[in-house]
There are 2 protein chains.
Amino acid sequence: MNPKQMERFLKTIGDQSRLQLLKALEQKPLCICDLNTLLDVSQPAISQHMHRLKSDEIVLNERRGRWVFWSLNDSHPHYLLLQELLKLLPVPTIECSQEENRCK
Amino acid sequence: MNPKQMERFLKTIGDQSRLQLLKALEQKPLCICDLNTLLDVSQPAISQHMHRLKSDEIVLNERRGRWVFWSLNDSHPHYLLLQELLKLLPVPTIECSQEENRCK
DNA sequence: TGAATATATAAGTCTTAGCTTATATGCTAT
DNA sequence: ATAGCATATAAGCTAAGACTTATATATTCA
């Protein structure tokens, strides 16, 4: 891994919004609308953050009907390192909507 | 540790220049003029990078005569984590000047 | 003291990143 | 098919960051 690649990885996870999103996904897969209750930013902002994380293969996504569920990619080469970092963060409060059994 | 603090830490180490500087210091303490041979940037740029690292207590510095020697702070709370990251980087070529036994 | 060397600081430029609002697309169910 | 909800994309704004050059400060030594 060269310095430029490591910079890219660290910049992707080195954002307080994305860190909180990742921490929330540590518990279970969530859709954008659930993640949206976590941070005080717009829906497009959440979507953009998740796509940034996906472009580095740190998260995976999967459409289920109207919703797209996002999860941590435990096959990422630095998944263990990421876990170490997330351990240091407080567990966020997710207002996970109950309707339609979205949060399986 | 809150998300903002972790963001700060990751942004401080999440720069390809600073990563290479840190990797060089893994070997031994070095002064700005030696570190300057490592990267293709100006002397003030190196100085600014080192002060950014120092402001987060990732490195220490110590003046010895005309030179200021910089070293990794192995007492930093995330020193182990940093070591894990640096392991992934290639060892850089440092043109360490021999004069005056600077590189002890 | 003053020249030479090492480092730090100041100020300005340019790019990137994280947001916003507006709008488009995708899916479901009536 | 169309309304409604979930998500994505586009475009633009603003601030932060990584550099530059110019200059100031610190230290040594003749």
Side-chain angles (χ1 to χ4, degrees), chain A residues 3-4 6-22 25 29-56 59-71 95-103, chain B residues 3-4 6-22 25 29-56 59-71 95-103:
Chain A
K4 190 68 201 166
M6 186 172 291
E7 168 181 305
R8 168 72 188 187
F9 173 72
L10 292 172
K11 286 203 152 100
T12 297
I13 64 171
D15 171 85
Q16 60 165 329
S17 296
R18 287 192 288 271
L19 284 168
Q20 289 177 85
L21 293 168
L22 289 169
L25 294 182
L30 292 166
C31 61
I32 299 285
C33 59
D34 286 331
L35 291 168
N36 209 358
T37 68
L38 191 70
L39 304 177
D40 197 23
V41 297
S42 66
Q43 173 268 316
I46 303 287
S47 181
Q48 287 157 18
H49 280 310
M50 297 316 294
H51 281 88
R52 166 70 186 258
L53 289 166
K54 191 189 176 188
S55 80
D56 279 18
V59 299
L60 304 172
N61 63 358
E62 176 198 355
R63 185 174 274 277
R64 292 188 216 159
R66 267 188 291 178
W67 300 278
V68 176
F69 279 76
W70 298 79
S71 55
E95 301 205 5
C96 184
S97 63
Q98 302 306 322
E99 52 158 322
E100 316 217 12
N101 293 335
R102 288 226 310 277
C103 306
Chain B
K4 189 67 202 167
M6 187 172 290
E7 169 180 304
R8 168 74 188 185
F9 173 72
L10 292 173
K11 286 203 152 101
T12 297
I13 63 171
D15 172 85
Q16 60 166 329
S17 296
R18 288 192 288 272
L19 284 168
Q20 290 177 85
L21 293 168
L22 289 168
L25 294 182
L30 293 167
C31 61
I32 299 286
C33 59
D34 285 331
L35 290 168
N36 208 358
T37 68
L38 190 69
L39 304 178
D40 195 24
V41 296
S42 66
Q43 173 268 317
I46 303 288
S47 181
Q48 286 157 18
H49 280 310
M50 297 315 294
H51 280 87
R52 166 71 185 257
L53 289 166
K54 191 191 176 186
S55 79
D56 279 17
V59 299
L60 304 172
N61 62 357
E62 176 198 355
R63 184 174 274 277
R64 293 187 216 159
R66 265 187 293 179
W67 300 279
V68 176
F69 278 76
W70 298 79
S71 55
E95 301 207 3
C96 184
S97 64
Q98 303 304 324
E99 52 158 321
E100 317 218 11
N101 293 333
R102 287 225 311 276
C103 304

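Numbered from 1 within each chain, the chains take letters A, B, ... in sequence-line order. Note that the coordinates shown come from a computational prediction; the quantities given were computed from them, not determined experimentally.
For the pair B:L39 CG and D:dT20 C1', the interatomic distance rounds to 15 Å; values are reported in whole Å. Straight-line distance from the CD atom of A:Q16 to the P atom of C:dA17: 17 Å, rounded to whole Å. Between the P atom of D:dA6 and the CE atom of A:M50 lies a distance of 17 Å, rounded to the nearest Å. When rounded to the nearest whole Å, the span between CG of B:L35 and P of C:dA6 equals 13 Å. Distance CG (A:D34) to P (D:dC5): 16 Å, rounded to an integer number of Å. A straight line from CG of B:D56 to P of D:dG17 spans 11 Å, rounded to a whole angstrom. In this structure, CZ of A:R66 is placed 6 Å from C1' of C:dT28, rounded to the nearest angstrom. Whole-Å rounding puts the B:W67 CH2 to C:dA8 C1' distance at 17 Å.
The B:D15 side chain lies nearest to D:dA18 when the options are D:dA26, D:dA18, D:dT7. Closest to the A:W70 side chain, of the nucleotides D:dT21, D:dA8, C:dT5, is D:dA8. For A:R52, counting side-chain heavy atoms from C-beta on, the closest listed nucleotide (C:dC27, C:dA6, C:dG18) is C:dG18. Counting only heavy atoms from C-beta on, B:K11 has its side chain closest to C:dG18 among C:dA8, D:dT9, C:dG18. Here the side chain of A:P44 is nearest to one of D:dT9, D:dA18, C:dT9, namely D:dT9.
Comparing A:R63 and A:D40 by the nucleotide of DNA chain C whose heavy atom lies nearest to each, the residue mapping closer to the 5' end is A:D40.
Taking side-chain N and O atoms only, A:R18 has a distance below 4.0 Å to OP1 or OP2 of C:dG18. OP1 or OP2 of D:dA8 has at least one side-chain nitrogen or oxygen of A:S47 nearer than 4.0 Å.
Residue A:Q43 places a side-chain atom within donor-acceptor reach of the base of D:dA8, judged by atom type and a 3.5 Å distance cut-off alone. Donor-acceptor pairing under 3.5 Å, judged by distance alone, is present between the side chain of A:Q48 and the base of C:dT20.
For NZ of A:K54, the number of neighbouring non-hydrogen atoms (other residues, nucleotides, ligands) closer than 6.0 Å is 12 at most.
Of all the heavy atoms in B:Q16 and A:K4, the pair that sits closest is NE2-CD, 3.4 Å. Taking both residues in full, the closest heavy atoms of B:M50 and B:V59 are given as O-CG2, 3.9 Å, listed atom of the first, atom of the second, then distance.
By the salt bridge (charged side-chain N to carboxylate O under 4.0 Å, His left out) test, A:R8 is found to be paired with A:D56, residues two or more places apart in sequence or in another chain being considered.
Of the residues B:L30, B:I46, B:L21, the one that meets the side chain to side chain contact (heavy atoms under 4.5 Å, CB included) test with B:L38 is B:L21.
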